Amino acid sequence: MQNLLSFLKGLGAARLMAMIAVSVALLGFFAFVIMRVSQPQMTTLYTDLSVEDSSSIIKELERQGIPFEMRNDGAILLVPKDKVTRLRMKLAEGGLPKGGGVGYEIFDKSDALGTTSFVQNINHLRALEGELSRTIRAIDRVQAARVHLVLPERPLFSREAPEPSASIVLRVRGALEPQQVRAIRHLVASAVNGLKPQRVSIVDEAGQLLADGSASGEQMEGATSDERRAAFEKRMRNQIEGIVSSVVGSGRARVQVSADFDYNKITQTSDQFDPEGRVLRSSQTREESAATSAADGQVTVNNELPGANQGQGAGARDVSKKSEETNNYEISRVTKTEVTEAGRVNRLSVAVLVDGVYTKNDKGELVYAERPKEQLDRIAALVRSAIGFDQKRGDQIEVVNLKFAEAPQIEKLPEPAGLMGMFQFTKDDIMNMIQLGVMFLLGLVVLFMVIRPLVKRILAAESAPETPGLPALADGTVPQIGADGQPVAPGMPSMIDIAQVQGQVHAQSVHRVGELAERNPNETAAIIRQWLAEPAA
């Protein structure tokens with residue numbers, strides 16, 4: 001202990017504090033590395049959790065004593081990788097996560113005897129809205145959904161029942177396709193009795209109206225004219241890019257489509273008559289005949305009696321006949337009613353830009369070459385067929401070959417084969433390896449840049465001790481002894497090399513021997529006589 005205490009005292013306060021600091025830093029660093037390496041690998045348990053679901057799951061994890069991590073304000077939970085599957089099954093058994101809404105499980109713990117009809121109706125509405133929200137979230141790109149249903153009751157003594165309606169708020173990743181919006185509307189309408197798809201309104205998290213609840217007919221579900229035109233242009237552009245890219249290569253073609261739409265709805269009725277196409281509709285014939293005899297003009301009773309004129313001779317008589325025929329004809333008539341719906345295409349303009357051909361020369365460099373005109377004409381013919389080209393309508397198609405700014409990447413990385421192909425590293429494994437590599441590099445940096453200089457400074461010798469026995473100069477300084485044993489002038493540089501240090505040590509030893517000889521001349525003489533009397537070795 002005395003040796004240890006003397007050693008520690010000999011180090012000095014500065015060296016001792018430096019050693020303590022280095023020891024503490026090493027212990028802290030290695031403790032951090034050990035804790036980091038020994039910590040279990042964490043992976044995602046659930047994402048996009050609501051506050052209610054997150055709190056319920058955290059309470060269950062704390063009850064089971066399972067370590068976890070929270071990210072994104074509790075929306076993402078991470079647990080040890082080896083316990084993910086069992087935890088999901090266990091939480092699903094308890095009905096977690098609920099998805100931020102209440103479904104039909106609301107009736108599992110309700111007391112039907114003490115519940116009024118009003119509460120039952122409210123619970124049924126909440127359950128229906130919650131189930132619809134869960135179903136809508138199952139659609140791709142839908143991150144969260146909230147459904148509000150309005151189911152009015154039929155008033156008493158009323159012949160007409162009010163129609164139900166629904167409003168849906170979605171939080172989506174990216175943008176929904178029109179087909180997906182229509183699918184959501186029909187899905188909700190089919191789940192609610194008496195609800196029509198046209199009575200469902202859909203809004204996204206940015207306040208953009210995806211479907212108008214007041215739309216009617218088979219229109220494009222409340223889509224505006226600009227949306228219809230943009231959807232048509234996108235569909236045509238995808239079709240053209242698909243057929244052109246199969247010829248020139250993926251990513252080597254750019255297509256732009258401009259469509260001119262006519263949104264006027266026209267109803268036209270026309271009647272056509274064919275005078276040559278007569279058809280007899282009805283025919284009527286009437287004939288009349290009359291005969292009169294000549295008389296003396298006297299009107300007597302005898303003349304009016306029957307048979308009074310039999311005895312008389314036949315006189316002159318007037319006979320008249322009248323024939324009348326009426327024919328009714330129908331002229332051929334054609335009535336034609338044409339209804340032109342809004343949104344017809346007046347004209348299409350298509351611009352296609354294709355890249356050239358790249359080949360390798362003898363040096364392995366890519367050389368650009370333009371495509372032949374025959375190939376461009378064939379591409380233009382394919383585009384005409386794809387869009388339904390109509391020259392009378394004024395459609396235009398331009399196919400141009402220009403060099404793109406970025407050359408294609410022809411070479412592909414070879415797939416790992418052999419021993420490297422046997423190791424299938426996941427993303428988590430790669431991230432862990434990167435973390436270990438970073439910690440190893442940090443350890444090396446700390447070791448060589450911090451600890452090594454501190455250790456050298458601790459083990460390095462202090463400044464050279466003062467030479468004893470030399471008289472002080474006028475300014476109070478002590479002269480130094482050079483390698484030759486002579487005092488060094490004060491004007492000489494103070495920095496000396498290793499040879500000078502060794503010379504100072506020898507000079508100090510000789511000086512001390514001289515001092516001892518001067519103090520004890522008798523003992524010195526006796527020692528010298530003894531050395532002389534000893535035989536030579």
Side-chain angles (χ1 to χ4, degrees), residues 1-47 54-55 57-84 86-87 423 425-468 477-478 480 493-502 504-505 508:
M1 293 299 295
Q2 291 180 356
N3 294 333
L4 179 60
L5 291 176
S6 61
F7 174 73
L8 294 177
K9 291 179 180 179
L11 291 176
R15 293 183 180 181
L16 189 61
M17 294 300 296
M19 289 181 65
I20 295 175
V22 171
S23 301
V24 172
L26 286 175
L27 289 176
F29 177 75
F30 285 112
F32 171 76
V33 172
I34 293 172
M35 291 178 61
R36 185 65 180 174
V37 173
S38 61
Q39 186 178 6
Q41 185 179 358
M42 308 296 285
T43 187
T44 304
L45 178 63
Y46 290 113
T47 59
S54 181
S55 61
I57 294 175
I58 290 174
K59 186 182 297 183
E60 181 67 21
L61 294 177
E62 291 177 348
R63 188 184 64 83
Q64 298 182 16
I66 298 175
F68 63 91
E69 294 181 5
M70 289 188 303
R71 294 181 182 177
N72 196 13
D73 296 334
I76 301 176
L77 292 180
L78 289 84
V79 295
K81 186 177 181 179
D82 55 345
K83 298 182 179 180
V84 172
R86 184 176 297 274
L87 278 175
F423 299 98
F425 294 106
T426 61
K427 183 179 179 180
D428 296 334
D429 297 334
I430 295 175
M431 293 301 298
N432 291 331
M433 294 174 61
I434 292 175
Q435 291 179 0
L436 293 176
V438 171
M439 288 190 294
F440 179 74
L441 293 178
L442 289 177
L444 293 179
V445 170
V446 171
L447 181 62
F448 287 101
M449 302 298 293
V450 179
I451 299 176
R452 184 179 178 185
L454 290 176
V455 173
K456 282 186 176 181
R457 183 173 297 179
I458 293 172
L459 298 179
E462 293 183 351
S463 59
E466 297 182 353
T467 304
T477 61
V478 179
Q480 299 179 356
S494 59
M495 300 300 293
I496 57 177
D497 53 4
I498 299 177
Q500 291 176 344
V501 173
Q502 294 177 356
Q504 289 181 2
V505 174
Q508 292 175 6

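Since we're looking at a predicted model, the values are computed, not measured.
Rounding to the nearest 0.5 Å gives a distance of 5.0 Å between CZ of Phe68 and CD1 of Ile58. Separating the CG atom in Leu78 from the CE atom in Met70 is a distance of 11.0 Å, to the nearest 0.5 Å. How far CG of Leu61 is from NZ of Lys83: 10.0 Å, rounded to the nearest 0.5 Å. How far CD of Glu69 is from OG1 of Thr43: 11.0 Å, rounded to the nearest 0.5 Å.
The closest side-chain heavy-atom distance from Gln64 to Leu87 is below 4.5 Å. Using a 4.5 Å heavy-atom threshold, the side chains of Tyr46 and Ile57 count as touching. A heavy-atom distance below 4.5 Å is not found between the side chains of Thr44 and Leu77. The closest side-chain heavy-atom distance from Pro67 to Val79 is not below 4.5 Å.
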Test log, rule salt bridge (charged side-chain N to carboxylate O under 4.0 Å, His left out), inputs Lys59 and Glu62: CA-CA 5 Å; Lys59 186 182 297 183; Glu62 291 177 348; over 6 Å; no
